[in-house]
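Side chains are part of it too, since the values below use all heavy atoms of this structure and drop only hydrogens, waters and symmetry mates.
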Amino acid sequence: MTHVLKLSIHATPGAKRTEAAGTHGEALRVRLAAPPLDGKANAALIAWAAEAFRLPKARVQLLHGAAARQKVLAIAFDSTAELVAAQAQVAAWMATNPAGRYENESCSRKPFQG
């Protein structure tokens, strides 16, 4: 039986390197070194996810958002244990930059407290 993780992604193409970078709303923010041209950023995202979860690229599928920054990946695992480990990894990535915080902590702008 295959266990699938559906992962909401906010992709930022054209970055210096490909990496998980905290959150953007409820999605995992992923910076992509590839440009957003000819599907290169989508291919880089799939390659990053496959490497990050130690899976073949065939186990990672782009479900939604081929032409948008907001994307949904489906990542297939063989066991419940692999799925749980992947969920823990995603939680760790998202905890590195909780929603509402600025990447540059010395930034003088603060979120609106209306």
Could you pull out the closest heavy-atom pair between A49 and V60, with the gap in Å? CB-CG1, 4.0 Å
Going by chain and number, the hydrophobic cluster around M1 (ILVMFWY, side chain to side chain under 4.5 Å) further includes none
Would you compute the distance between atom OG1 of T2 and atom CG of L83 and round it to the nearest 0.5 angstrom? 11.0 Å
Once salt bridge (Lys or Arg N to Asp or Glu O under 4.0 Å) is applied, what residue pairs with a partner in residues 75-95 remain, sequence neighbours excluded? R59-D78
Tabulate below the donor-acceptor pairs under 3.5 Å that side-chain atoms of residues 37-46 make, not counting sequence neighbours, or state none.
{"residue": "N42", "atom": "OD1", "partner": "K71", "partner atom": "NZ", "Å": "2.7"}
{"residue": "N42", "atom": "ND2", "partner": "A66", "partner atom": "O", "Å": "2.8"}

Please, which pairs that meet side chain to side chain donor-acceptor pair (under 3.5 Å) have at least one residue in residues 44-56, sequence neighbours excluded? none
Sequence-distant partners of E19, salt bridge (Lys or Arg N to Asp or Glu O under 4.0 Å), two or more places apart: R17, R31
Heavy-atom check, side chain of T23 versus side chain of R29, under 4.5 Å: no
Which residues share a side-chain contact (heavy atoms from CB on, under 4.5 Å) with A85, sequence neighbours left out: none
List, by chain and number, the other hydrophobic cluster members for V72, where Ile, Leu, Val, Met, Phe, Trp and Tyr join if side-chain heavy atoms come within less than 4.5 Å, directly or indirectly. L63
Show every donor-acceptor pair shorter than 3.5 Å between a side-chain atom in residues 5-15 and any protein atom, with sequence neighbours excluded, or say none if there are none.
{"residue": "H10", "atom": "ND1", "partner": "Q70", "partner atom": "NE2", "Å": "2.5"}

Do I75 and V4 come within less than 4.5 Å of each other through their side chains, counting heavy atoms only? no
So ring pair (Phe, Tyr, Trp, His ring centres under 6.0 Å) across residues 49-72, not counting sequence neighbours, yields F53-F77, F53-W93
